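Worksheet: one structure, shown below.
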Amino acid sequence: MAARGHVQDPNDRRLRPIYDYLDNGNNKMAIQQADKLLKKHKDLHCAKVLKAIGLQRTGKQDEAYALAQEVAALEPTDDNSLQALTILYREMHRPELVTKLYEAAVKKVPNSEEYHSHLFMAYARVGEYKKMQQSISAQDENLSKTMFLPLAERMVEKMVKEDKIEAEAEVELYYMILERLEKYQEALDVVRGKLGEKLTSELQSRENKCMAMYKKLCRWPECNALSRRLLLKNSDDWQFYITYFDSVFQLIDESWTPPLEEEHSLEGEVHYSIEQAVKFIEERITEESKSTRPLRGPYLAKLELIRRLRCRGCNDEYKLGDPEELMFQYFKKFGDKPCCFTDLKVFVDLLPSSQYTKFISQLLEVIPLSSTAESEIALPADIKALQQHLCVVQLSRLLGIYHAMDKKQKLTVVRELMLRYHHGLEFGKTCLKTELQFSDYYCLLAVHLLLDLWLEEGEEMAVWQCLTLLEEGLSHSPSNAQFKLLLIRIYCRLGAFEPVAELYSSLDAKHIQHDTIGYLLTRYAESLGHYAAASQSCNFALRFFHSNQKDTSEYIIQAYKYGAFEKIPEFIAFRNRLNSSLHFAQVRTERMLLDLLLEANISSSLEESIKSMSLSPEEDDIPWKDLRDNRDLTVLFNWDPKDRDISEEHRKLSLEEETLWLRIRSLTLRLVSGLPTLSHSIQPKNSEKTAENGVSSKIDTIRSLLQQLEAAVDSGKKFLEQKIQYPVLGPPPTRMAGFFSNGSCQCQTSLFYLVSDIYELDTNGLEDSAEVQERIGNSFKSLIERLTDLFNKCKGDLIEVRDGTLKTQPNLLENLVFFVETISITQWVSSYCDGVLRPFKSNLQKKKKKKKETNVAMPPVFTHFLDYVTELQTLTSNVIDHIKGLEVFLTALKLEELSLKDTLLLQEEKKFTKTVQGKVRSSYHHSVQEIGELLKKRLDSIKKLKI
């Protein structure tokens, strides 16, 4: 036996069948096998934990948790139990319990490297950075030197002195420590010294780190010399041009002169005058002309130098040449490259506005275009000429030439752009479905011009032409994300969400994009009455945010394991950025409100719904001070001039608006979640028990939240007084303006004030309550009036046919959605009223029977409530009838007779118009159906309100 070496632990053999059952997904058999084993071996902790895993996977979470805590309380130290508990806690999404587990294990077995290691990783998962440090210092010396590199300068210095630093990761760590301690000179010495030679994994890693330290130390001579040296090696590296110019002007401002006898700097020769800079750039251009591959860097550097000289008010820019001529020469050299437009976009400010038209004409003259018998315009003969022409058209839009045109001229340009688009499709016949057509930008630019006509001149036909051209473009270029994004924005503006869900799905948004572009979907789904799609889109986003919290912990652990220390702060920052995401907070709040809207007092009681969400009116989990706006507001291509483009000011205002609206929504959710906490208690009135059991403090919470809601509403109204207009393709505005203007806001706040009055009646009893009863009666009346006003703002046809054109009224749809939401809150508050008044009435009736009196007057509050409920039923029925009318109208609407007057579109394009109009009608139909069905369920609940 001894000769066999390793003897297997008999417990491993006993547990093996349970592991196998769990691995194969046979959880019931795993539980049975564990029970059998536990009958024989009661103290086999691991069997209990494996049973708990089986229970967890069969949906018996509470039993699993109880069993796990039973084992954890014994503080096990055997590997099997610890690893099994770790797996279970991960599946329960309770990583904080793993830390407690290993803290106990480390106390019992302080010399175990393995347990220290597991504890460190557990702390990393939950973000306990201080404890990570403590866990490292608690480990033996060997472990801290090998797997977990010390997070302290002293320890690394010791390794340096003993010549024990061998790996690049260790040098990176030393550099990181010194940088964070702001010991920039020491960090520079490390990188320039012998240790710096190990920095080889990234291209120019050593030079980049030196440059960063020179900048921190404001050593501009070294910055200049190093960037100059690197540009001599590669004259196309833009980052070093920027550093070169920054350093030259810093040296000029400091009146720096080189020492007489010594070297200019550690890095060699320094340029410290404009003349030297000009000469250096000219030399780079001369060098470039000898290069086998054309390089853009030197030419753009010349324009950048002119821009900087002009900003400083220097008169030396003439030495470099005329910007217009330089841009013209640049276009001749690189105009057929798609990057030419983005390169020149930065420098168009150097042109005087009086020269714009001349400049564009000059560019057009050098493009080889040829006229044909079939075509009325000169067209490019190859892809190169097409790219050049596209660049000029984009510049024309950027310089505002198209914006200055009248309606007729714009329509002429649209027609020309579409002719060029169709002609360009000839060059892309062999393109794969996943590739973009060469002429797609022509189509996009035509749509941008039509958007101007729709939104600035109110030309209703233009929006249908936009959608038609984009749908046609998408049929030729199914992978063009810009077509899809623009279609999403326009359909949403028209109030049609149905086609949007499919378009967004086809974008195949990955990972972080759920945060950066998810707002395009979640902003409109619910507000346009597509409740099922809204639930789905919120789920997509929330799944990403929740998995990110788990995934980034794993990335951090892997970075520790493999010594990629410079990545750890990046991962931590990334996790924090997503946890503080504005979009995350919005989606969480809207999802919970939506769930209540669809389920509370329909499929389950309000109390059950709130309990299942773990909602509490006292708790606010939104990090208001740290909210991060991660939206990508420039995801749509844009060729607008600066004065029409999205500015930093727009971003700030949009964030402010989004935050105000989120605050209103969050407070509304918390107020609703407070309703069940006030529910009627059987204890006698005026007893001290109500104060003891905390209900009185609950009403204080409600009243405090109501004050906060009033303050948020006031802030929102002040914000809207600014009448901010975002650019067409800028951030979409929130629903706040509609919430105030249609009266939903006043209805909802008055409902919560009513709760406060009803609570007062509940606490003090019916005696001497004439004033409160009158207040409640008036509240009921004004509520019905306000709800009727809100309904009146929902009346009208969603689609009207005027002069052969479709005119849409999406605001009616948003108002209907607000009506449903307000009716739902009304019903929840009414249920609370019902719960308070019903016991009062039954008590009075009992007294009546005892005294055998027939003429006991009923308090007026009962009559008020019954009248109010009757009127509420009538109003809701009227709205349902109105919605049925909308459905009938949308079904009967004949779209075939429309779009015949459209002179802009070609015959083959008109088939797309019918598709587009059909999609909008179908979406409206879907919206009113979902709204109608939800209202019917609400009406059924209102009918149950009978005291």
Side-chain angles (χ1 to χ4, degrees), residues 336-342 375 377 379-394 397 413-451 462-492 496 498-510 513 517 520-521 632 634-639 728-729 904-920:
D336 59 328
K337 304 280 187 291
C339 59
C340 184
F341 168 74
T342 44
S375 166
I377 53 171
L379 296 166
D382 56 20
I383 295 166
K384 232 175 172 182
L386 182 141
Q387 289 285 15
Q388 285 178 309
H389 189 268
L390 250 180
C391 180
V392 177
V393 174
Q394 291 174 80
R397 174 86 183 166
V413 173
V414 169
R415 189 68 264 140
E416 185 198 320
L417 289 172
M418 286 313 292
L419 284 172
R420 292 188 180 282
Y421 168 66
H422 288 124
H423 170 258
L425 293 175
E426 298 292 320
F427 301 122
K429 281 183 174 174
T430 57
C431 286
L432 300 172
K433 276 192 174 180
T434 49
E435 293 177 320
L436 307 188
Q437 289 290 334
F438 297 106
S439 59
D440 278 354
Y441 279 8
Y442 282 128
C443 185
L444 269 178
L445 283 153
V447 170
H448 278 233
L449 277 163
L450 288 167
L451 277 176
V463 69
W464 301 105
Q465 290 164 343
C466 281
L467 291 171
T468 300
L469 299 185
L470 286 169
E471 288 282 7
E472 185 195 357
L474 202 55
S475 71
H476 296 300
S477 205
S479 297
N480 192 317
Q482 287 301 317
F483 286 158
K484 292 174 188 177
L485 289 164
L486 203 43
L487 276 167
I488 286 172
R489 283 300 297 270
I490 299 171
Y491 275 128
C492 286
E498 197 171 51
V500 168
E502 193 185 330
L503 284 163
Y504 187 84
S505 168
S506 71
L507 280 170
D508 200 17
K510 296 278 194 301
Q513 287 175 318
I517 63 170
L520 294 169
L521 197 63
D632 183 353
T634 54
V635 67
L636 285 145
F637 284 173
N638 194 346
W639 298 277
V728 179
L729 302 175
L904 182 75
L905 299 176
L906 302 171
Q907 204 53 46
E908 64 263 28
E909 288 169 341
K910 289 187 179 176
K911 65 178 180 187
F912 291 104
T913 308
K914 285 177 184 169
T915 309
V916 161
Q917 291 174 340
K919 282 182 179 181
V920 172

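Source: prediction; values computed, not measured.
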**Report entry** Pair L390-R420, side-chain contact (heavy atoms from CB on, under 4.5 Å): steps then yes or no
**Finding:** CA-CA 10 Å; L390 250 180; R420 292 188 180 282; over 6 Å; no
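- Within the 3.5 Å criterion, the main-chain N or O of H423 finds no donor-acceptor partner in the side chain of E426.
- Side-chain contact check for H389 and Y442: at least one donor-acceptor pair (N or O, by modelled atom type) lies under 3.5 Å.
- Between Q482 and L436 the shortest side-chain heavy-atom distance does not fall below 4.5 Å.
- In this structure, the side chain of Q387 does not engage the main chain of I383 through any donor-acceptor pair within 3.5 Å.
- Note that CG of L521 is 10.5 Å distant from CG of L503, once rounded to the nearest 0.5 Å.
- The CD atom of Q388 sits 16.0 Å away from the CZ atom of F341 when rounded to the nearest 0.5 Å.
- At a threshold of 4.0 Å, the pair K911-E472 does not count as salt-bridged, since none of the basic side-chain nitrogens sits closer than that to a carboxylate oxygen.
- For the pair Y421/L469, no side-chain contact is recorded, criterion being any heavy-atom separation below 4.5 Å from C-beta on.
- To the nearest 0.5 Å, atom OG of residue S439 and atom NE2 of residue H476 are 8.5 Å apart.
- The nearest pair of heavy atoms linking P499 to A496 is CD-O, 3.8 Å.
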Query - Y441 vs F637, ring-ring contact (aromatic ring centres under 6.0 Å, His included): CA-CA, chis, key distance, verdict - result: CA-CA 10 Å; Y441 279 8; F637 284 173; 5.7 Å; yes
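- Without hydrogens or angle criteria, S477 side chain to L474 main chain gives no donor-acceptor distance under 3.5 Å.
- For D508 and S506, the side-chain atoms include no donor-acceptor pair closer than 3.5 Å.
- In this structure a side-chain-to-backbone donor-acceptor pair under 3.5 Å is missing from K484 to V500.
- Neither side chain, T434 nor S479, offers a donor N or O lying under 3.5 Å from an acceptor on the other.
- Panel note: side chain T468, backbone W464; a donor-acceptor pair is recorded below 3.5 Å.
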